[in-house]
There are 2 protein chains.
Amino acid sequence: MPPEPLICTVDLVLLTLQAGQLQVLLLKRDREPFAGALALPGGYVHTGEDQSCEDAALRVLQDKAGLQGLYLEQLATFSGPGRDPRGWSVSVAYLAVVDAGTLDAQGAPVRAAHWRPVDRLPALPFDHGRIIATAVERVRGKSLYSSLPAHLCPAPFTLPELQAVYEAVLGETVNHVSFRRKMGELDCLDAVPGGKRADGAHRPAQLYRLKQEFRQRLRLVGRGLKA
Amino acid sequence: MPPEPLICTVDLVLLTLQAGQLQVLLLKRDREPFAGALALPGGYVHTGEDQSCEDAALRVLQDKAGLQGLYLEQLATFSGPGRDPRGWSVSVAYLAVVDAGTLDAQGAPVRAAHWRPVDRLPALPFDHGRIIATAVERVRGKSLYSSLPAHLCPAPFTLPELQAVYEAVLGETVNHVSFRRKMGELDCLDAVPGGKRADGAHRPAQLYRLKQEFRQRLRLVGRGLKA
DNA sequence: CGAATAGTGTCTGTGAGACATTATCTT
DNA sequence: AAGATAATGTCTCACAGACACTATTCG
């Protein structure tokens, strides 16, 4: 029995932190269906070019947002007869995370694009609302026990800055002593030699960067940030 | 631009516990490619019939193993030009878990099928070895902080029996006091009224069942079984 | 010197694991 | 009664959070 034809795409949930809120990149669709509407960046898998769906997601990230070298992970696959008016479809969704500094440096195509706070989204085509909700849940969950939020923080950063990012993502305050202890155990940060940030009438803070080996993957912690 | 044709299938990693080991169901393929070889059960998505890939996985589970009502979750999606000799393919993989009792009761078609211990697998076609490795990693990971292993234990079961299942999956012993405390906190078990198992010259153990509401989903625990 | 934030030392409460004890069955 | 395993009580150690204190800058 030959396979029945269906539509296979990748969709990308690109998240960043702006104004203390998680924001998602939405692009104006330039073709049907839903031409002109805001939706997640995505596209067909190019079987002649891509070596995997992850490759397709990286290509979408590069072509539609001009970004590369980001943290990227497979989120989940969404499917069904009704989610795309063209017919039965499968979308492999990916989660990517970018910090404001990287966005300024290499994200020219989307710097002025449509970033929307994930907690106040308009109605979206396809099942993109559900895909984003899944992505946000994943990010909040992983923030409890991994270095993921560091990818949302422009490097170099101070520990208080990084803590503020964790707090923005988690939506609650974090004990600063525990936070420092945890970051020490995680052992995923390099202190910038001699690097300090003095931004006021107070003791300046040490600057850090993610260690090279964790730029594109996460460091997990044993027991988590909070009980 | 119309979509480029590709192959879309679902694959099912069905795990059970036999002889104290995680075992995976392999079936002899009845068609090309790899006809006659052992591989994961799977099949094309039937766009006329399935409402989602999960539906397709449930259908495969029913048609090829005669099983229903199991714990099932999406595992990940595997893709690329080389994993299937028919061409560029996408496989949405699902993880299902069954206990020996359910298998005896309704798993007639596969009771005598090919169950293989996940730690000593033969070479498998496609990328099924990698898919199984991902599934096992998921199960072991979730066993640290969820009720998943209870789906591997024929009901009704005693706490010592359930603990033995956790230990078999995790590959290490668990403190029995902590284990009981954790199961109490999880609050996912119902004591069978008056149910005891006396299997020797000693105090009989209380029998339990998974609470109805957790038969097809998991209960997660805060800090995990071990530090 | 005071204000402000960075960073550290130390206490305490909670929870996991170890050990000991009690409970309840068979032979 | 002896032996075996189930189930529970209690001690201890480790870790997360709270609080207090020191450090370093600017004005």
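Order of the sequence lines fixes the chain letters, A, B, ..., with proteins taken first and strands second; residue numbering starts at 1 for each chain.
Nearest-nucleotide positions on DNA chain D for A:His176 and A:Gly200 put A:His176 closer to the 5' end.
Between B:Arg180 and D:dA7, a side-chain N or O to OP1/OP2 separation shorter than 4.0 Å is present. For the OP1/OP2 pair of D:dA18 and a distance below 4.0 Å, the side-chain nitrogens and oxygens of A:Asn175 include at least one atom meeting the criterion.
One atom, CD of A:Gln163, and another, P of C:dA6, lie 9 Å apart when rounded to the nearest Å. Whole-Å rounding puts the A:Lys182 NZ to C:dG7 P distance at 20 Å. Taking atom CD on A:Glu167 and atom P on D:dG17, their separation rounds to 12 Å, with Å as the unit. Going from atom CG of A:Leu207 over to atom C1' of C:dG7 covers 15 Å, rounded to whole Å. Here D:dT5 presents its P atom at 9 Å from CG of B:Asp199, a figure rounded to the nearest Å. When rounded to the nearest whole Å, the span between CD of A:Gln206 and P of C:dT8 equals 10 Å. The distance between atom CZ of A:Arg203 and atom P of D:dT22, rounded to the nearest whole Å, is 13 Å. B:Arg181 places its CZ atom 7 Å from the C1' atom of C:dG17, with the value rounded to the nearest Å.
Between the side chains of B:Gln62 and B:Arg59, not a single donor N or O lies within less than 3.5 Å of an accepting N or O.
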Worked verdict on A:Leu40 versus A:Tyr94 for side chain to side chain contact (heavy atoms under 4.5 Å, CB included) | CA-CA 11 Å; A:Leu40 291 177; A:Tyr94 285 81; over 6 Å; no

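Among C:dA6, D:dA16, D:dA6, the nucleotide with an atom closest to any side-chain atom of B:Ala205 is D:dA6. Here the nucleotide nearest the side chain of B:His202, chosen from D:dT10, C:dC19, D:dT5, is D:dT5. Checked against C:dT5, C:dC19, C:dT24, the side chain of B:Pro204 finds its nearest nucleotide in C:dT24. Set against D:dG9, D:dT25, D:dG3, the side chain of B:Val177 has D:dG9 as its closest nucleotide. Among C:dA16, D:dG17, D:dC26, the nucleotide with an atom closest to any side-chain atom of A:Ala201 is D:dC26.
Applying the 6.0 Å contact sphere to CD of B:Glu185 captures more than 12 heavy atoms from other residues, nucleotides or ligands.
Counting only heavy atoms from C-beta outward, the side chains of B:Lys142 and B:Leu95 never approach each other to under 4.5 Å.
Ion pairing between a basic and an acidic side chain is recognised when a charged N comes within 4.0 Å of a carboxylate O; A:Asp119 and A:Arg140 show such pairing.
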